[in-house]
Student: 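Okay, here's the structure, questions in a sec.
Each residue takes its place number in the sequence, starting with 1.
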Amino acid sequence: MTTAQPLDVQPTPLALLLLGREADPKSERGVECPGDLPSPSDPDLVARARAAKEKLGEKVFVLGHHYQRDEVIQFADVTGDSFKLARDAAARPEAEYIVFCGVHFMAESADILTSDDQKVVLPDLAAGCSMADMATAEQVAECWDVLAEAGVAEATVPVAYMNSSADIKSFTGKHGGTICTSSNAKRALDWAFEQGEKVLFLPDQHLGRNTAVRDMGMSLEDCVVYNPHKPNGGVTPEQLRAAKMILWRGHCSVHGRFSLESVEDVRARIPGVNVLVHPECRHEVVAAADYVGSTEYIIKALEAAPAGSKWAIGTELNLVRRLANRFAAEDKEIVFLDKTVCFCSTMNRIDLPHLVWTLESLAEGKLVNRIEVDRETESFAKLALERMLALP
């Protein structure tokens, strides 16, 4: 009988990153938050946050994304989606500190759109976005080389979703493209097809596909998926030449979990229910839903809904739960589309201890967790954002 020898297995850099044991400045994950955080069981956290915010006065402007925890949202000066919040920050030049309770790419966008005198702060640097991480600058540059080899790069216009890193926004601006949000994706694509014959849509394949097929009348055959983890994206030059929409193989980990079975199940459980989903959901889910729209659309739809109506919502759970509580008095039944509870794990990294630590540090004159985009990246990313702002 031989004795098994221990395997000499060394963890890869990616494995260490996912375990939080290494840091990658080009990634939105695996970055430790410095400093000593207050205990989450501290009963004085709310009072401490209020005191620090009052001490800072107009020097601080707190932004709260719709998907944030209630304990954090209560301290937000404004709430909204990522682009609305970035624009709100730019409209407050008197605020020296912009505390962005959201995720990394959102804080980057705020830094791009605000003045050089303003400092954007993210309470937890590990609050990233799995979708944004699915497209790196190196991968997209390699993709563009593949398009060039297929002879289609010059006819292709990149359109990057707001949920992308500053590097990807910069690439988009440099190559004549624009940014889009979930509410203006059709307008962005209409513009892009006026500039070229094809669109490289990144990083969310579902928003790109749903907009092209559902809103613009294309077929699924007009779309091809580029997978950065396969040689040449896993597609042939012939497929690239035939496609109108070249979709990056990325997705939202929350919206991507909703399934056709989720829709069928909620219809069976709640007769007369209205299914309302975000366009980041899979195509078959969007096709089976009654209503489809951005986060702001979802909120406005429920505001306008008649009393007694029933709704199953396919978006992040913090928002769904907040809306259910808000409209309970109007007898509107609002449920989460999936029976399995699913928060956005990275959004939830911004909690009350991190916010208290951030505000108290700023109140003491210590700048922490600043998000700063370098000048060259910022210039091209801003160009892409300005093209979006100029859309009709």
Student: Go through the steps for Arg214 and Val286 under the test side chain to side chain contact (heavy atoms under 4.5 Å, CB included), then give the verdict.
Tutor: CA-CA 9 Å; Arg214 181 178 182 273; Val286 165; 3.5 Å; yes
Student: More than 12 foreign heavy atoms under 6.0 Å from CD of Glu386: is that the case here?
Tutor: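 Counting neighbours around CD of Glu386, more than 12 heavy atoms of other residues, nucleotides or ligands fall under 6.0 Å, so yes.
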Student: May I ask you to decide if Gly256's main-chain N or O and Arg282's side chain share a donor-acceptor pair within less than 3.5 Å?
Tutor: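 Answer holds: yes.
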Student: Quick one: is the NZ or CZ of Lys59 closer than 6.0 Å to the six-membered ring centre of Tyr97, and within 45° of its axis?
Tutor: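 Output no; distance or angle outside limits.
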Student: Does the distance from a Lys or Arg side-chain N to an Asp or Glu carboxylate O, for Asp215 and Lys186, drop under 4.0 Å?
Tutor: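 Salt bridge flag = no for Lys186 with Asp215.
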Student: Around Glu264, counting heavy atoms of other residues, nucleotides and ligands shown, do more than 12 lie under 6.0 Å from its CD?
Tutor: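 Result for CD/Glu264: enclosed.
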Student: Taking the six-membered ring for Trp, is the centroid-to-centroid distance between Phe100 and Phe61 below 6.0 Å?
Tutor: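 Distance test on ring centres: not under 6.0 Å, no.
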Student: Any side-chain heavy-atom pair from Leu355 and Phe75 closer than 4.5 angstrom?
Tutor: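 A side-chain contact under 4.5 Å exists here.
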Student: Would you mind checking if Asp116 and Arg375 are paired as a salt bridge, meaning a charged N to carboxylate O distance below 4.0 Å?
Tutor: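 So Arg375 pairs with Asp116 through a salt bridge.
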Student: Check the side chains of Ser262 and Ser259 for a donor-acceptor pair under 3.5 angstrom, ignoring hydrogens and angles.
Tutor: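 Ser262 and Ser259 do have a side-chain donor-acceptor pair below 3.5 Å.
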Student: Got a donor-acceptor contact below 3.5 angstrom from the His175 side chain to the Phe171 backbone?
Tutor: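 Yes, because the side chain of His175 sits within donor-acceptor range (under 3.5 Å) of the backbone of Phe171.
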Student: Report the C-alpha distance between Trp311 and Tyr291 in whole Å, list the side-chain angles of each, state the deciding distance to 0.1 Å, and finish with yes or no for ring-ring contact (aromatic ring centres under 6.0 Å, His included).
Tutor: CA-CA 10 Å; Trp311 298 83; Tyr291 304 94; 5.6 Å; yes
Student: Please examine the side chains of Val224 and Leu247, heavy atoms only from C-beta on, and report whether any two atoms are closer than 4.5 Å.
Tutor: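 The answer is no, as the side chains (C-beta and beyond) never meet within the 4.5 Å cut-off.
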Student: Would you call Asp42 and Arg48 a salt bridge, taking side-chain N to carboxylate O under 4.0 Å as the test?
Tutor: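 Yes, Asp42 and Arg48 are salt-bridged.
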Student: With distance as the sole criterion, is a donor-acceptor pair present between the side chains of Tyr226 and Gln205 under 3.5 Å?
Tutor: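 Gln205 and Tyr226 do not have a side-chain donor-acceptor pair below 3.5 Å.
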Student: If you look at every heavy atom in Leu260 and Ala288, which pair is closest and at what distance?
Tutor: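 Smallest heavy-atom distance, with atoms named: CD1-CB, 3.6 Å.
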Student: Just wondering, do Ser182 and Tyr297 contact through their side chains at under 4.5 Å, heavy atoms?
Tutor: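 Contact flag for Tyr297/Ser182 side chains = no.
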Student: Using modelled atom types and a 3.5 Å cut-off, is there a donor and acceptor pairing between side-chain atoms of Lys84 and backbone atoms of Thr79?
Tutor: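 The answer is yes, because a donor-acceptor pair under 3.5 Å joins these two groups.
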Student: Taking everything shown except Glu58 itself, do over 12 heavy atoms lie less than 6.0 Å from its CD?
Tutor: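 Result for CD/Glu58: open.
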Student: Ion pair present between Lys53 and Glu360, side-chain N to carboxylate O less than 4.0 angstrom?
Tutor: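 No, no charged N to carboxylate O under 4.0 Å.
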Student: For Asp167 and Ser170, test the side chains for any donor-to-acceptor distance below 3.5 angstrom and give the result as yes or no.
Tutor: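 Side-chain D/A pair, Asp167 to Ser170: absent.
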Student: Is Leu359 reachable from Leu45 through a run of I, L, V, M, F, W or Y residues, each pair having side-chain heavy atoms under 4.5 Å apart?
Tutor: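 Yes.
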Student: Given 3.5 Å as the limit, does a donor-acceptor pair link the side chain of Asn274 with the main chain of Lys310, or not?
Tutor: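 Flag set: sc Asn274 to bb Lys310 pair under 3.5 Å.
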Student: Heavy-atom count check: over 12 atoms from other residues, nucleotides or ligands less than 6.0 Å from Arg87 CZ?
Tutor: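 Counting neighbours around CZ of Arg87, 12 or fewer heavy atoms of other residues, nucleotides or ligands fall under 6.0 Å, so no.
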Student: Looking at Ala110, is its backbone amide N or carbonyl O close enough to the side chain of Thr114 to form a donor-acceptor pair, meaning the two atoms are under 3.5 Å apart?
Tutor: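 Present.
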Student: Is Lys244 atom NZ crowded by more than 12 heavy atoms from other residues, nucleotides or ligands, each under 6.0 Å away?
Tutor: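 No.
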Student: Taking atom types as modelled, find out whether Tyr161 and Thr181 have a side-chain donor-acceptor pair closer than 3.5 angstrom.
Tutor: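 There is no such pair between these side chains.
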Student: To the nearest 0.5 angstrom, please state how far the SG atom of Cys281 sits from the NE2 atom of His255.
Tutor: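 The distance works out to 5.5 Å.
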Student: Taking Ala132's backbone N and O only, do any of them form a donor-acceptor pair with Asn163's side chain (distance below 3.5 Å, no angle check)?
Tutor: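 Answer holds: no.
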Student: Should Val146 and Leu240 be marked as a side chain to side chain contact (heavy atoms under 4.5 Å, CB included) after you check the CA-CA gap, both sets of side-chain angles, and the distance that decides it?
Tutor: CA-CA 9 Å; Val146 171; Leu240 291 173; 3.9 Å; yes
Student: How about Glu238: does its CD atom have over 12 heavy atoms from other parts shown lying under 6.0 Å from it?
Tutor: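 Count over threshold, so yes.
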Student: Any sub-3.5 Å donor-acceptor pair from Thr178's side-chain atoms to Met388's backbone N or O?
Tutor: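 Checked: pair present.
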Student: Take atom CZ of Arg267 as the centre, draw a 6.0 Å sphere, and report whether it contains more than 12 heavy atoms from other residues, nucleotides or ligands.
Tutor: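 Count over threshold, so yes.
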Student: Quick one: does any side-chain atom of Asp204 pair with a main-chain N or O of Leu207 as donor and acceptor, under 3.5 Å?
Tutor: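 Flag set: sc Asp204 to bb Leu207 pair under 3.5 Å.
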Student: Salt bridge check, Arg92 against Asp88: does any charged N sit closer than 4.0 Å to a carboxylate O?
Tutor: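 No.
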Student: To the nearest 0.5 Å, tell me how far Phe336 CZ sits from Glu316 CD.
Tutor: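 Reported to 0.5 Å precision, the distance equals 7.5 Å.
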Student: Does any N or O in the side chain of Glu154 come within less than 3.5 Å of the main-chain N or O of Ala148, such that one atom is a donor and the other an acceptor?
Tutor: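 Side chain of Glu154 to backbone of Ala148: no pair is present.
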Student: Could you tell me whether the side chain of Gln195 and the main chain of Trp191 form a donor-acceptor pair under 3.5 Å?
Tutor: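 Yes, because the side chain of Gln195 sits within donor-acceptor range (under 3.5 Å) of the backbone of Trp191.
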Student: With distance as the sole criterion, is a donor-acceptor pair present between the side chains of Asp133 and Ser130 under 3.5 Å?
Tutor: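 Short answer, no.
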